[in-house]
Asker: 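The structure that follows is given in the form of structure tokens.
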Amino acid sequence: MESMEALITQIQGLSGSVEDISHLHNLLKLTEESLQSEAPRLASFLGQLDPAKQSLGYLYILEAYTSAPISREQPSEFIMSVSTFINSCLAEQIRLAADKFVSVCKRFKDQVVLLQEPLRGVAPMRTAVQKLRSSSEHLTALHPDFLLLCLLAKSYKTGLGILKEDIFEIDQPRDFFLYCYYGGMICIGQKHFCKARELLRNVVTAPMSTINAIAIEAYKKYCLVSLIDNGQFSTALPKYTSSVAQRSLKNFCQPYIDLANSYSSGKISELESCVETNKEKFESDNNLGLVKQVVSSLYKRNIQRLTLTYLTLSLQDIANTVQLNTPKEAEMHVLRMIQDGEIFATINQKDEMVSFHEDPEQYKTCEMIEHIDSSIQRIMSLSKKLSAVDELISYDPAYLAKAGKERQRFDFDDFDTVPQKFNL
Amino acid sequence: MASSSSSGLTFKLHPLVIVNISDHYTRVKSQAQPPHGSSNGGSSPPPQPPRVFGCVIGIQRGRTVEIFNSFELLYDPSTESLDRSFLEKKQELYKKVFPNFYILGWYSTGSDVQESDMHIHKALMDINESPVYVILNPAINHSQKDLPVTIYESELHVIDGIPQLIFVRSSYTIETVEAERISVDHVAHLKPSDGGSAATQLAAHLTGIHSAIKMLNSRIRVLHNYLLSMQRGGFLYEFVEMAGDIPMEDSLLRQVSSLLRRLPAIESGKFQDDFQMEYNDTLLITYLAMLTNCSSTMNELVDKFNTAYDRHSRRGGRTAFI
């Protein structure tokens, strides 16, 4: 117990300046095992420390405390204490012990999920993510947990805020897979199918040495989302996909590929029969809702195809071509599509005729100027980033070694001053 | 020796005169001084830049004196006067080509008026009863914004009871003919002789436009601040004089308002539409250019990455057994 008291006083004393913090950090690393052994009794000591100023010490003790199993009566209290800690801790101090912070937050998430109150965990996790990451381009291990909580709590908008930022640095590949997968699901929930497709494609094409389950699930969803968004799906993956994925993903997702084939025929009846045959498989993958959306999107696709052929059309004809039952249903569909901006048309209710128009966008408004201007700004920053990465790879020893090796053979007769070998 | 002129004459100077004087001076200077390899170790001070002399000709209409052209004259240092016969010969030749032009005065280079100049001036007074004296200061001063050209007239002033002829400074404006504008433009932009590549020309063009817009912007800002302080001052001058504010000055306000009314009045909707469409087109082209730029960087990056990290080499024909 004396050592604990001594440790507490040391933590309180050494939480001032940067050198003190690093000194404290070294001390704490040494005392890790003793902390683990004293786990159950640590709760009282936590009260003596101020999480806002002595975050590092608090974190160590908290982590040791939480590594012990939590009893059933205490989870609510535990959740409260962890959320207050997350809200008040100092970002610089906890970044020194990032893995401890991550494990604390993971336990927090588990408890919240166990209690079936994911909403309580969303806000603290978001603060945790913002404090842990070193910049908005950094993907930490907490990102996927945060997105998972958002999904369980159905608060998709909070998740979207985090998804908007581009990622350039990744800690662990597994985080990236999970992050993109959950992110894709959140976007599907918000009906942003374009961004969902992009995220899911990232999962599928990310470098992997062996096939993993996340990629398979993502591939299934990717298939459905691209049917909804684009109206077509090709099994050919982009060239930069890993060879493992290119070979094996298709084998696990046969029902979805059948669905895509029947979709391309354009006939509702065929599509629905395909859905019926594979219903259990879709249900077991939790994708049935998405499949239903695919079916309704086929109607939309067919109506859009009509705009290419006709200038005006009666509602009855639309219903017949698209295989809807009544003109009323056709009117509903067309109205919804006009409201969503997927089609430009006017419905004449007296004659029951629909006339299709061209895109009225003239590209001469101020909003368009701002839109293009913001795109130009984005691409300027992206271009700077690309040049920075290019420079970085130019002095990478692996690249220089290979480049030097190849040049040697070319310059054999040139008596160039290229060194014969890069001894790296 | 110089105060401001009270004769009420307005002087208009053409750029041709300035270019002629400067050319004359540069030629003489480069011919007189030996080229760079002077071996005296730089201990002696640099020789005085030579003074050049010449005559200016033009037209005098009423109170306006317009100086169009100039020619060089020989200076005789012994008599400290200009060569008279040469001057008359030249004058005859110029009269044949430009019958309207008279000798209005003479020019010289230097930083200020000197004593000997009065002699030359008096000598010219029999050709023109009130000649003008144009001085070009060849010293290059980068901070100076105005032209280093001054015009002096002679006036009879009473100093210490003795009537004397002294030089008084006059103001002048620059008047340009179309041909002169082109040549001045050319000199000002210092275009490279071979036209340069398209990129440098574009850059030079854009830099020119940028500096022009910057100057316009700063001048409008000056006017704007002036008007604002006039507004504040005019409003309050009856009660309180706020520091820095100016009372109303109607003549200036009238000038500003006439300037504003001369601005092109293109405010119609059609103009806005067309203008914005064209603006958007330009923005799109810029965007496209940036996309291309980005793609090319990306391409290089991917090539380097493949060379460095890819297990299968993609260079023509080589196998994977590295």
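So you know, we letter chains A, B, ... as the sequences are listed, proteins then strands, and number each from 1.
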Asker: Scan for side-chain hydrogen bond (donor to acceptor under 3.5 Å, both in side chains) pairs involving residues 388-399 of chain A, sequence neighbours excluded, and state none if there are none.
Answerer: A:D390-B:K304, A:E391-A:Y395, A:S394-B:K304, A:D396-B:Y309

Asker: What do you reckon, is CE of B:M277 surrounded by more than 12 foreign heavy atoms closer than 6.0 Å?
Answerer: yes

Asker: Going by residue number, which parts of residues 281-290 of chain B are within reach of chain A, meaning a heavy-atom gap below 4.5 Å?
Answerer: B:L283, B:L284, B:T286, B:Y287, B:M290

Asker: Rounded to the nearest 0.5 Å, how far apart are CD of B:E300 and OG of A:S387?
Answerer: 9.5 Å

Asker: What residues of residues 371-381 of chain A sit under 4.5 Å from chain B when you count only heavy atoms?
Answerer: A:I372, A:S375, A:I376, A:I379, A:M380

Asker: Tell me, yes or no, whether the heavy-atom count around A:L308 atom CG, taken from other residues, nucleotides or ligands under 6.0 Å, exceeds 12.
Answerer: yes

Asker: Tell me which of these, A:L392, A:L386, A:V389, has more heavy-atom pairs under 4.5 Å with chain B than the rest.
Answerer: A:L386

Asker: Heavy-atom count check: over 12 atoms from other residues, nucleotides or ligands less than 6.0 Å from B:F275 CZ?
Answerer: no

Asker: Assess whether atom CZ of A:R174 is packed by more than 12 heavy atoms of other residues, nucleotides or ligands within 6.0 Å.
Answerer: no

Asker: Output the residues of residues 202-212 of chain A for which the shortest heavy-atom distance to chain B is under 4.5 Å, in residue-number order; output 'none' if no such residue exists.
Answerer: none

Asker: A quick test of your reading: do over 12 heavy atoms of other residues, nucleotides or ligands sit less than 6.0 Å from CD of A:E137?
Answerer: yes

Asker: Counting only heavy atoms not in A:F344 (residues, nucleotides, ligands), do more than 12 fall under 6.0 Å from its CZ?
Answerer: yes

Asker: Within this structure, what is the CD-CD1 distance for the pair B:Q276 and A:I369, rounded to the nearest 0.5 Å?
Answerer: 4.5 Å

Asker: By a 4.5 Å heavy-atom criterion (distance strictly below it), what part of B:F305 contacts chain A: side chain, backbone, both, or neither?
Answerer: both

